[in-house]
A.B. asks: 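Got a structure for you, written out below as C-alpha cells; questions coming shortly.
All heavy atoms count here, side chains included; hydrogens, waters and symmetry mates do not. Small disclaimer: the values here were computed from a predicted structure and weren't measured. First listed ligand is number 1; within each ligand, the first listed atom is number 1.
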Amino acid sequence: MWPRPHGPPWEGGATSIGAWIYARPMASSQLRRAMSRSALAPLALFPKRAARVLRHDARVVAASARWLVTSREHHNYTYDLTALNRDHLAWFVAAICDVPVPVVRDYLAEIAADGALREHIRSATTAAARRGLADKQVRYARRLGWYAIVRARKPAHVVETGVDKGLGTAVLAAAVLRNAEEGHPGRVTAVDINPDAGYLVRTGQWSTVVDLVYADSVATLESLDRPVDIFLHDSDHSVAHERREFTTVESRLAPGALLLTDNVTKTPVLSQYAEKTGRRFLAFTERPARHWYPGDGIGAAWHA
Ligand SMILES: C[S@@+](CC[C@H](N)C(=O)[O-])C[C@H]1O[C@@H](n2cnc3c(N)ncnc32)[C@H](O)[C@@H]1O
C-alpha cells in the first residue's frame with residue numbers, strides 16, 4: 001500500500017483545503033488570513049463545519065436509539081441533569097429563595113441520598129397497573145429544584161396542578177415531611193383531571209401529607225379554602241390554561257407566595273404575568289445527561 005499523501009489538495013494530497021489551511025498555523029498563517037477574507041472562506045470551512053454538526057447529530061441519534069430500546073416512557077420523560085446543570089440549579093434556587101448556595105446544595109444532596117423515597121418510587125412503579133409505560137430507574141431532573149425550593153421556603157401549603165404518575169408530588173411531599181421534622185409542617189394539594197394519576201403518592205409516608213384532587217385545575221383553584229404559599233403549574237400546558245391558573249390562584253395566595261411554572265421553556269406566560277403584577281422573574285433551563293430530549297425548566301415569579 002502506498003502511504004496516503006497529506007499535502008494540500010492542489011498538490012495531490014488527500015486533505016481538504018479547510019483542514020490543511022487550519023492545521024498548519026505556522027506554514028499557512030498568511031494564506032489562512034487571505035483565505036478567511038476571500039469569497040472562498042465558506043467553501044474552505046465547509047468540511048470542518050459539516051464534521052462538527054455531524055458529530056453533534058450522531059450523539060443525539062445514539063442517545064435516541066438507546067432510549068428507544070431501554071425506556072418505556074412516552075411523555076413526561078425522566079432523566080438526570082448534568083453536574084454543571086445541577087450546580088446552576090442550586091444557584092437559581094438560592095437566588096429565588098434568597099438563601100446561601102451551600103444550603104441549597106445540602107438540600108440537593110439530601111434528596112439524592114433519600115433511599116427510602118427512591119425505593120418507594122421504584123416499588124410503587126413496579127406495582128402500578130401502568131408500569132408498562134414507566135421506567136423503574138428514578139430520575140428527578142428539575143424536580144430536584146422543586147425539592148430544594150420547598151426545603152428553603154418551608155411552605156404551609158403547596159399546590160401542584162398536573163400530577164401524572166406523581167413523581168413531582170412525591171418529591172414535594174418528601175420536602176414537606178423533612179420540613180415537618182424541623183418544626184415546619186405543611187401539606188401538598190395535587191390536582192389532576194385523570195383519575196389514574198398519582199399512583200406514586202397513594203401509599204407510604206408521603207401520602208400522609210398529600211391531598212390528591214381529581215378535577216379540572218382551574219375549578220379546583222377557584223374552590224381552594226387555604227392560602228397557597230407555593231403554586232406550581234404543570235397541567236395543561238396551553239397558553240390559555242396556564243394563564244388562567246395564575247390569574248385564578250392570585251386571590252388565594254398567601255403573602256410572599258412563590259409562583260412556579262413547568263412550562264417556562266415553551267411560553268412567556270409567567271414572565272408576562274410577573275411583569276404585569278410587579279413581580280421578579282427568573283428561569284432555569286434543564287440540560288439532560290445522556291438523553292435525546294432537550295429538557296424543560298423552572299420559571300419562578302415572586303414579589304421582592
Ligand atoms: C406533565 S404532566 C404532570 C407531571 C408531574 N407534575 C410530574 O412531576 O411528573 C401533566 C398532567 O396534567 C394533567 N392535566 C391536563 N389538563 C388538566 C386540567 N385541566 N386539570 C388538571 N390536570 C390536568 C394531565 O392529566 C397530566 O397528568
Side-chain angles (χ1 to χ4, degrees), residues 71-81 89 111 114 117-118 120-122 124-125 128-131 133-150 158-176 188-202 206-207 209-224 228 230-249 252 259-267 269-270 284 286 288 291 293-300:
S71 175
R72 300 168 167 187
E73 295 176 347
H74 67 299
H75 75 143
N76 198 23
Y77 312 118
T78 62
Y79 36 78
D80 292 317
L81 304 179
L89 180 58
I111 181 164
D114 191 338
L117 175 65
R118 204 170 277 275
H120 164 75
I121 292 170
R122 204 172 288 134
T125 302
R130 298 172 74 196
R131 60 184 171 277
L133 300 174
D135 291 349
K136 272 181 242 158
Q137 204 180 335
V138 182
R139 295 166 294 225
Y140 300 121
R142 62 198 169 285
R143 298 172 192 83
L144 295 173
W146 303 357
Y147 180 89
I149 289 168
V150 171
V158 182
V159 174
E160 176 198 34
T161 63
V163 175
D164 191 30
K165 304 169 188 74
L167 184 56
T169 321
V171 162
L172 295 169
V176 162
V188 180
T189 301
V191 190
D192 203 293
I193 206 158
N194 178 357
D196 289 337
Y199 60 76
L200 296 180
V201 282
R202 290 212 191 104
W206 303 272
S207 67
V209 291
V210 174
D211 301 308
L212 272 172
V213 180
Y214 294 104
D216 171 67
S217 58
V218 173
T220 306
L221 295 177
E222 279 166 353
S223 63
L224 283 177
V228 179
I230 295 182
F231 173 73
L232 167 62
H233 160 81
D234 194 9
S235 62
D236 172 350
H237 283 331
S238 67
V239 165
H241 193 87
E242 186 182 3
R243 191 170 288 142
R244 222 174 298 133
E245 284 193 4
F246 287 121
T247 51
T248 306
V249 81
R252 278 89 184 159
L259 299 176
L260 301 173
T261 182
D262 194 69
N263 214 16
V264 74
T265 56
K266 309 284 188 325
T267 75
V269 169
L270 187 55
F284 162 78
E286 287 182 319
H291 205 285
Y293 187 66
D296 290 312
I298 307 175

A.B. asks: Report the residues that fulfil salt bridge (charged side-chain N to carboxylate O under 4.0 Å, His left out) with D135, sequence neighbours left out, ordered by chain and then residue number.
C.D. replies: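 With sequence neighbours excluded, D135 shows a salt bridge (charged side-chain N to carboxylate O under 4.0 Å, His left out) to R139, given in chain and number order.
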
A.B. asks: With sequence neighbours left out, write down each residue that passes side-chain hydrogen bond (donor to acceptor under 3.5 Å, both in side chains) with D80, or none if nothing qualifies.
C.D. replies: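 Listed in chain order: nothing, the list is empty.
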
A.B. asks: Suppose we screen for side-chain hydrogen bond (donor to acceptor under 3.5 Å, both in side chains). Which residues come up paired with H241, at least two apart in sequence or across chains?
C.D. replies: S217, E245

A.B. asks: Identify which one of L270, D234, I298 satisfies the side-chain contact (heavy atoms from CB on, under 4.5 Å) criterion when paired with D262.
C.D. replies: D234

A.B. asks: May I ask you to check whether S238 and D236 show a side-chain donor-acceptor distance below 3.5 Å?
C.D. replies: yes

A.B. asks: Check the orientation of F246 and H233. Use parallel for under 30°, tilted for 30 to 60°, and perpendicular for over 60°.
C.D. replies: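 F246 and H233: tilted rings.
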
A.B. asks: Non-hydrogen atoms closer than 4.0 Å to ligand 1: which protein residues do they belong to? List them by chain and number, please.
C.D. replies: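 Correct list: N76, R143, W146, E160, G162, V163, D164, G168, D192, I193, N194, A215, D216, S217, D234, S235, D236, H241.
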
